[in-house]
2 protein chains.
Amino acid sequence: MAKTTKLETADSSTEEKIKEAASKVFTQKGFAATRTRDIAEEAGINLALLNYYFRSKEKLFDLVMMESLQKFMMGVKDILNDVNSSLTEKISLLASHYIDLLKANADLPLFILSEIRANPERLETKMGVKEMLLQSNFFKQLEATTKKTVDPVHFVMNIIGLIVFPFVASPMLMIIGDRSKTEFDALMEERKKMIPVWVDAMLKSS
Amino acid sequence: MAKTTKLETADSSTEEKIKEAASKVFTQKGFAATRTRDIAEEAGINLALLNYYFRSKEKLFDLVMMESLQKFMMGVKDILNDVNSSLTEKISLLASHYIDLLKANADLPLFILSEIRANPERLETKMGVKEMLLQSNFFKQLEATTKKTVDPVHFVMNIIGLIVFPFVASPMLMIIGDRSKTEFDALMEERKKMIPVWVDAMLKSS
DNA sequence: ATAATTTTTAATCATTTGATTAAATCAAAT
DNA sequence: ATTTGATTTAATCAAATGATTAAAAATTAT
């Protein structure tokens, strides 16, 4: 298991190559549809090597999923708890942050959501997402703004939906509007500015 | 292949039982993760019978997917092209229609979106969704309202997202808010009234 | 009732697939 | 140069899985 001697950077090590290949294939096809041979081929290595490094398909998947979730959550806590920014500014920051992230990892959300549904237990306990959100400055500001007229959870759903849904539905949207990936990305770029405006309007309407 | 003689209603025929079981299992686990044996067991029949009726897993899946898509599209065209209703009224009708549909079939959207991504070709040509939408009365009303300030496709995404996203993300939302299915459904019921209001506000803000 | 047809089953096949093993190769240490 | 340990490979295993087959059971027609 030691790879201490061979001269190689952390990024080009065989282990890392396999992990990256696994991330790519798992994200694209989901756990059930990916064969370990696909990952091996994508990584340019032998099948046995994959098991040598990661014991099993499941272990490798858990690792990839963990890192995907971290990637998805990383940086959000800081935005949510910034004391200097207004609610609208936070929404703007969230939109920018996630749209940039998702432009580079468009099928991350569908992958995560699919696999959570396929195996809810695996995530149940994971991370204090609930706490992080509910105790955040963001949520307090949101509660203050909605003034009990509407459950603030609606707006959490709305904001996440406005940001994430186009990426989840992009295969369908590309067909409907038959736009290229570039045009789609341009649309998403516009949304960075529009989403805060829209959410503001929604909040005032309630 | 003939089932014309035996006395059985269309709904309790073996063929129909298998189709329903297949729909249930496929929708829940996706194509790759479902084994034909699961479907057979769910339908309470033998494995060979499944192949006797439907030739193969793929054929059965195509059938189920086709019917899922029809279920999803059914009734929309009429709403989109109603000449008597305003844009807001159409949005209200769409929200009611889909929220009712999705309360009864909560994992339909994630199933459809996942399988489209896994196999985009299969849907490419299917149904004139694009035409149905773009030539609809609804879309004309939408274009008139947005007055070129913002690409109307944004609002198509927003409306679909506001309606559908909570169901796509429900596994995650249930964890975040740890609400029961009943509470979740109550929230969705509220959205029937709120979504038209929210979309109105968004449209006016642009 | 008997024959013919349809439906259902148990047993089995062939392929796929996750995993293992034993040997070969490679890099570093002595 | 040789030894040692890490890395990689080819070959193979065992289980899972989609599919088929041949026979039995049930149903309908004669």
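Order of the sequence lines sets the chain letters (A, B, ...), proteins ahead of strands, with each chain counted from 1. Only this structure's heavy atoms are used, side chains among them; waters, hydrogens and symmetry mates stay out.
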Original post:
Would a distance-only check, ignoring hydrogens and angles, find a side-chain to backbone donor-acceptor pair under 3.5 Å from A:Ser96 to A:Leu93?
Top reply: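 Checking the backbone N and O of A:Leu93 against the side chain of A:Ser96, no donor-acceptor pair under 3.5 Å is found.
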Subject >> B:Ser23 (side chain) donor-acceptor with B:Glu20 (main chain) under 3.5 angstrom >> reply: no
Original post:
Would A:Phe61 and A:Phe26 count as a close aromatic pair, with their ring centres under 6.0 Å?
Top reply: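 Judged by ring-centre distance (under 6.0 Å), A:Phe61 and A:Phe26 do meet the cut-off.
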Measure from the side-chain heavy atoms of [X] and tell me the nearest of [options].
| X | options | result |
| --- | --- | --- |
| B:Lys57 | D:dA19, D:dT20, C:dT7 | D:dA19 |
| A:Ala48 | C:dA19, C:dA10, D:dA10 | D:dA10 |
| B:Tyr52 | C:dT6, C:dA19, D:dT20 | C:dT6 |
| A:Tyr53 | D:dT9, D:dT8, D:dT21 | D:dT8 |
| A:Arg55 | C:dT20, C:dT9, D:dA19 | C:dT20 |
| B:Thr36 | C:dT6, D:dA19, C:dA19 | D:dA19 |

Rounded to whole angstrom units, what separation is found between the [atom1] atom of [X] and the [atom2] atom of [N]?
| X | N | atom1 | atom2 | value |
| --- | --- | --- | --- | --- |
| B:Leu49 | C:dT8 | CG | P | 5 Å |
| A:Asp62 | C:dG18 | CG | P | 15 Å |
| B:Ile18 | C:dT9 | CD1 | C1' | 13 Å |
| A:Leu50 | D:dT7 | CG | P | 15 Å |
| A:Asn51 | D:dT9 | CG | C1' | 13 Å |
| B:Ile45 | C:dT9 | CD1 | P | 7 Å |
| A:Glu15 | D:dA6 | CD | P | 14 Å |
| A:Lys29 | C:dT16 | NZ | C1' | 13 Å |

Original post:
Taking OP1 and OP2 of C:dA10, is either one under 4.0 Å from a side-chain nitrogen or oxygen of B:Asn46?
Top reply: yes
Original post:
Distance check: side-chain N/O of A:Thr14 vs OP1/OP2 of D:dT8, anything under 4.0 Å?
Top reply: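 True: A:Thr14 side-chain N/O within range (under 4.0 Å) of D:dT8 OP1/OP2.
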**OP:** Validate the cation-pi geometry between B:Lys19 and B:Tyr53: distance from NZ or CZ to the six-membered ring centre under 6.0 Å, angle to the ring axis within 45°.
**Re:** no
**OP:** Test the B:Lys57-B:Phe31 pair against the cation-pi criterion, namely NZ or CZ under 6.0 angstrom from the six-membered ring centroid and within 45° of the ring axis.
**Re:** yes
Original post:
Does C:dA29 have a Watson-Crick or wobble partner in any strand here, with both distances under 3.5 angstrom, and which is it?
Top reply: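 Because both required distances fall under 3.5 Å, C:dA29 counts as paired with D:dT2.
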**OP:** In plain terms, say whether B:Asp38 and B:Arg35 are close enough for a salt bridge, that is, a side-chain N and a carboxylate O under 4.0 Å apart.
**Re:** yes
Original post:
Are the charged groups of B:Asp151 and A:Arg179 less than 4.0 angstrom apart, N to O?
Top reply: yes
Taking only N/O atoms, report every protein-nucleotides 12-16 of chain D pair under 3.5 Å with atom names and distance.
none

